[in-house]
2 protein chains.
Amino acid sequence: MIYRYVPSLTALRTFESSARHMSFTKAAEELNVTQSAVSRQIRQLEDELGIRLFERVRQRLVLTEAGASYVLEVRKGLDQLKAATLNLLAYQGVGGELLLACLPTFGSRWLIPRLGRFTSQHPEINVNLVTRIEAFNFESEDIDAAIYFGDSNWPGTISDKLMGEEMIPVCSPNIFNDRQEIKKPEDLRHHTLLQLRSRPYAWQEWLKSKDTHDINPAAGPKFEQFHMIINAALTGLGVALLPAFLIKEELSQGLLVQLFEDSVRGRNAYYLVYPENKRGLPRLQTFRRWLLREASRHEMNYSPQSNNKLQNHPDI
Amino acid sequence: MIYRYVPSLTALRTFESSARHMSFTKAAEELNVTQSAVSRQIRQLEDELGIRLFERVRQRLVLTEAGASYVLEVRKGLDQLKAATLNLLAYQGVGGELLLACLPTFGSRWLIPRLGRFTSQHPEINVNLVTRIEAFNFESEDIDAAIYFGDSNWPGTISDKLMGEEMIPVCSPNIFNDRQEIKKPEDLRHHTLLQLRSRPYAWQEWLKSKDTHDINPAAGPKFEQFHMIINAALTGLGVALLPAFLIKEELSQGLLVQLFEDSVRGRNAYYLVYPENKRGLPRLQTFRRWLLREASRHEMNYSPQSNNKLQNHPDI
DNA sequence: AAACATCATTCATTAAACTCATGACTTCTT
DNA sequence: AAGAAGTCATGAGTTTAATGAATGATGTTT
């Protein structure tokens, strides 16, 4: 944590420029100093590191292997510091960019419709969305926070539960009306169960909760994403088990019908996750407060019997 | 490209330490200077940036919003420079780590079996493999180079063609012997065509090259990765269209049989790709030279009629 | 109320970075 | 082939930046 072995930025900047121009003289021009100053900086840097960065071959400079590797890494570091500083100057410290990873269907059907409210409340914060289906690494990806689905163990991060998920079986009204009636779970035997690849145990859990054991829960076409399985259900390909809140529109317009009245609450949930070292990022905390409020409002609508989730977050 | 707006390393280091301890006195201890020096460094940094980083509220320090955001970014930059320097000192500039992204099946069946030779020739270079199925961004991912399949337009990068791909239809010997004989492409009508999700047009291209038009090229179960479709073919689920070199073992052991003698060469190929700014990285160039040689040797085995690909790379 | 913190400030000192002038060598030009 | 022009290196001196010591101002703890 202590940056003892980092050479001075003057030295690194001088080295970077020299390597880019392959000339101390040109570097000196660019940096508005004399060639002598550049020559000395490089030499001192080399002495300090104990490694030659340039070979001086007949009045010409050639990067050594060490120098060639080092300059690439140094450039990354300087770029980062430059970007940080320019960003600070641009936004004057308030607001700024927030890069959020999000599941695609959750993003398009839940988050984005609400995001306008956040933006108007906090015009200084610029939320950028990127979709991720699989888990990723905060270390290597530069994402500020993520909304994902699962349970809350993700080491090195802080998770806030947003909402659970009510799974309901739905199908197109054509299926519901035209063919065999579906009155009890067993009647699903004669229908195609649409499968979501990221939730392989969805039907199994649901059927078990209904004490229905003689239906193969894994048979049926598999889909990658929610929006694909929603489309499949809309076109009458079969029965899908979907979170109620993602198909609110389709249900209210009668494009999909719910097959049984009661819903099943899965054990997994949606979480906001962010790395521990971003705990102190003001714009992230602002977003978090807003998101938790929206989620708790959502929970109250979708499961009035459950506790008000605001109680879980006394700090908002 | 010129790092004019980057404050001095001393200032940034002092700021980082102060923010971590939330105390100028403690930071001074850590940095082995007096509290006075720290106080003035911070003030000067604030003046230079024109933004307050700490609020001094009743002899206590509190980070401003600006300071809280800035310190996170500054820390990243300093970490990068520290890592770069320690790396340089550790490896003394020769060799080092090389992070390579690779398609999973290509990695396990082609690259890894050969990688031992590279490692023994170049023990100073440490090749780390990571698998990627989809395209990614060199900017955000910190990967040195990638082996991918496709055509060679990937902006901002340099590509070297490694090898083409001979697609051959194969199936389990059970299918081949027990059921209807397969003598000509039309006979495939009665068989299941196994599909690979990343090559949706594979069968279509192949059937077209055989002038066979009355078979639906897209029907059949879809698989995510080569190793899955290989397993499916092994267990007799259907006929798969696979690159010959990936199933060398299975063919020679008789676990899979090739259905027709001639092979079809796809228009896509395997490429080594790396970002332009890594052109000068010595360990990458070393790896590249070795890889191109291995690939050309491979090409000579798998397509004796094709040109010796070494001619395409006069610089090795 | 006294003792002990903390950050801020002034003045003198030390260390780092730089310029100038010049030398040694190489490459280009005529 | 010789001179001009360019390159990096270096010694001596100057300028600039960073620091230390002492002290002040303000708040906290006992």
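Note that the structure is a prediction, hence the values are computed from the model and not measured. The chains referred to below are lettered A, B, ... by the order of the sequence lines, with proteins before strands, and numbering in each begins at 1.
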Next on the checklist: Taking ring pair (Phe, Tyr, Trp, His ring centres under 6.0 Å) as the definition, give me every residue that meets it alongside F149(A), ordered by chain and number, with sequence neighbours left out.
Outcome noted: Y270(A)

Can you name the residues that form a side chain to side chain contact (heavy atoms under 4.5 Å, CB included) with [X], not counting sequence neighbours?
X: E73(A); answer: K76(A), Q80(B), A84(B)
X: T286(A); answer: F118(A), H122(A), I125(A), R289(A)
X: I158(A); answer: Y274(A), E276(A), R279(A)
X: S18(B); answer: T14(B), F24(B), A27(B), V38(B), I42(B), F54(B)

Output yes when [X] and [Y] qualify as a salt bridge under the 4.0 Å nitrogen-oxygen rule, no when they do not.
X: E65(A); Y: R283(B); answer: no
X: R56(A); Y: E46(A); answer: yes
X: R20(B); Y: E30(B); answer: yes

Whole-Å distance between [N] [atom2] and [X] [atom1]?
X: I42(B); N: dA18(D); atom1: CD1; atom2: C1'; result: 14 Å
X: R52(A); N: dA9(D); atom1: CZ; atom2: C1'; result: 12 Å
X: R43(B); N: dA18(D); atom1: CZ; atom2: C1'; result: 16 Å
X: L9(B); N: dT19(D); atom1: CG; atom2: P; result: 11 Å

Checklist outcome for this item: Comparing nearest nucleotides in DNA chain C, the 5'-proximal residue of the pair A37(B), T14(A) is A37(B)

Checklist entry - Does V33(A) or R56(B) map to a spot on DNA chain C nearer the 5' end, using the closest nucleotide for each? => result R56(B)

Checklist entry - Please, which pairs that meet ring pair (Phe, Tyr, Trp, His ring centres under 6.0 Å) have at least one residue in residues 73-102 of chain A, sequence neighbours excluded? => result none

Checklist entry - Quick one: ring pair (Phe, Tyr, Trp, His ring centres under 6.0 Å) pairs with a partner in residues 56-87 of chain B, sequence neighbours left out? => result F15(B)-Y70(B)

Next on the checklist: Between the opening five pairs and the closing five pairs of the helix from dA1(C)-dT30(D) to dT30(C)-dA1(D), how far apart are the helix axes, to 10°?
Outcome noted: 30°

Item to check | Residue list, side-chain hydrogen bond (donor to acceptor under 3.5 Å, both in side chains) with N126(B), at least two apart or on another chain | outcome: E97(B)

Checklist entry - Quick one: how far along DNA chain C does chain B reach, first to last nucleotide 5' to 3', anything under 4.0 Å to a heavy atom? => result dT6(C) to dC11(C)

Next on the checklist: What does the B/S/- profile of nucleotides 21-30 of chain D look like, 5' to 3', with a 4.0 Å heavy-atom cutoff to protein?
Outcome noted: B---BBSS--

Item to check | R114(A) to W110(A) six-membered ring, cation-pi geometry met (6.0 Å, 45°) | outcome: yes

Next on the checklist: Using 30° and 60° as the class boundaries, would you call the ring planes of F136(A) and W154(A) parallel, tilted or perpendicular?
Outcome noted: perpendicular

Give each protein N/O atom lying under 3.5 Å from an N/O atom of nucleotides 15-17 of chain D, with the pair distance.
none

